[in-house]
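Take a look at the structure below.
Every chain is numbered from 1, with letters handed out A, B, ... down the list of sequences.
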Number of protein chains: 2
Amino acid sequence: MTAPVRGRPRDPDADRAILQAALDLFIERGVEGSSIEQIAKRAGVGKPTVYRRWGTKEELIAAAMETLVAEEVGWASPEAIETRSPHVLVEAAIDSAAAATAAPHYRALVARVYGSAVSHPELMTVYWDRYILPRRVQATRLLERARELGTVAADTDLDVTIDMMVGAITYRVLQPNPPDVDEMRRYLREVYRQTGLLPAG
Amino acid sequence: MTAPVRGRPRDPDADRAILQAALDLFIERGVEGSSIEQIAKRAGVGKPTVYRRWGTKEELIAAAMETLVAEEVGWASPEAIETRSPHVLVEAAIDSAAAATAAPHYRALVARVYGSAVSHPELMTVYWDRYILPRRVQATRLLERARELGTVAADTDLDVTIDMMVGAITYRVLQPNPPDVDEMRRYLREVYRQTGLLPAG
């Protein structure tokens, strides 16, 4: 939702309809099945309304993905990361993270994003630069705090740790027999425990 | 390569051509773009020759994927796992694992497999049951040995640990700026270090 305003003032209802249409079409049909024209049609707006806000379909789909991920996963604020215990922050986020990642549309979204990473690399690049990297900065700060407190080892490469957490969760939801929300809560707890973001035992 | 022989004796050359055609087509076009008919045509054989060996296209594509993964990644034998140090075994496998996972066709294969996990779940199910689960049994034994030796914590859920390793590597190759083989060697080393399969520091 942080894309620059292009030209005229925004219409929040149209924006919301466009983002929802983009998310639905992308999940149903992938990048190649989601043109700006089809997204505009499904949202009930003209193509110029879409182009006024988003320059390319990759920018639009990335913004649409972010509405699902950012609204449903409860991230800790930068201020909270600097002042509160990592264990407390992670514990507080487990329920919403489990609900978000166990949802069928999350699985479908992960499959589409990973599935397009090689055939349509622009989408991953836009999403990565605009939305993932800022979150990785936050996650790195959280892990640095845990490292200061001694629950993460001093010489740990935190970029790899973040990949291990995100990689495990996204891999798990694509496996046969994906977890329900209770199983996902247990799973996340174990992932965070193994990285030192929750206490052992 | 362990699919049951159906009907007549196998022709190894035809089998190899069929598996290569299936792998290439799947990487190029995904599950929906890879019919048995198209695979047979590209391999220069008749459809009955394919059906004599593989009952469904999912079974065939899973077998084709395995030829790439199993031949290029040097897995430790069950006997070696029981008798040698996990650190030594993992160290010995790093170079071939780095070469295999840094290859462009590995990235393309991961994207296709993950991309089809929700839209065509049969492929993931066949591949999982026939090829991944046996390897996870081996990986679990390796981690159990490391746990006995004290480099993996006693209460670790090893299924989650395996997901963190595989998840990190497959996620990393789908990110923008995928690693070359030197960077991948360093990356794998850090993943294995964080799980206790290589010594710290």
Is it the side chain or the backbone of Ser116(B) that comes within 4.5 Å of chain A heavy atoms, both, or neither?
neither

Under a 4.5 Å cut-off applied to non-hydrogen side-chain atoms, are Pro78(A) and Gln138(A) in contact?
yes

Between Glu190(B), Arg107(B), Met124(B), which residue shows the highest count of heavy-atom pairs closer than 4.5 Å to chain A?
Glu190(B)

Chain B heavy atoms under 4.5 Å from Thr156(A): which part of the residue, side chain, backbone, both or neither?
both

Ranked by heavy-atom pairs below 4.5 Å to chain B, first place among Ala117(A), Ala111(A), Ala153(A) goes to Ala111(A)

Which answer fits Arg186(A), side chain, backbone, both or neither, if we ask what part of it has an atom under 4.5 Å from a heavy atom of chain B?
side chain

Kindly indicate, with the supporting measurements, whether the criterion side chain to side chain contact (heavy atoms under 4.5 Å, CB included) is fulfilled by Asp163(B) and Tyr187(A).
CA-CA 11 Å; Asp163(B) 285 356; Tyr187(A) 188 91; 2.6 Å; yes

Looking at Arg172(A), Glu28(A), Met165(A), Gln175(A), which makes the most heavy-atom pairs under 4.5 Å with chain B?
Gln175(A)

Between Leu19(A) and Trp54(A), is any pair of side-chain heavy atoms under 4.5 Å apart?
yes

Can you confirm whether the side chains of Glu122(B) and Thr56(B) place a donor and an acceptor under 3.5 Å from each other?
no

Sequence neighbours left out, what passes salt bridge (charged side-chain N to carboxylate O under 4.0 Å, His left out) with Asp159(B)? Give chain and number order.
Arg136(B)

Glu66(B) bridged to Arg135(B) by N-O distance under 4.0 Å:
yes

Is chain A contacted by the side chain of Thr170(B), its backbone, both, or neither, given a heavy-atom distance below 4.5 Å?
neither

What part of Ile132(A) gets within 4.5 angstrom of chain B, counting heavy atoms only: side chain, backbone, both, or neither?
side chain

Contact list for residues 141-150 of chain B, test side chain to side chain donor-acceptor pair (under 3.5 Å), sequence neighbours left out
Glu82(B)-Arg141(B), Arg141(B)-Glu144(B)

With chain A, which of Gly30(B), Pro178(B), Gly115(B) has the greatest number of heavy-atom pairs at distances under 4.5 Å?
Gly115(B)

Go through Ile169(B), Val191(B), Val118(B) and name the one with the most non-hydrogen pairs under 4.5 angstrom from chain A.
Val118(B)

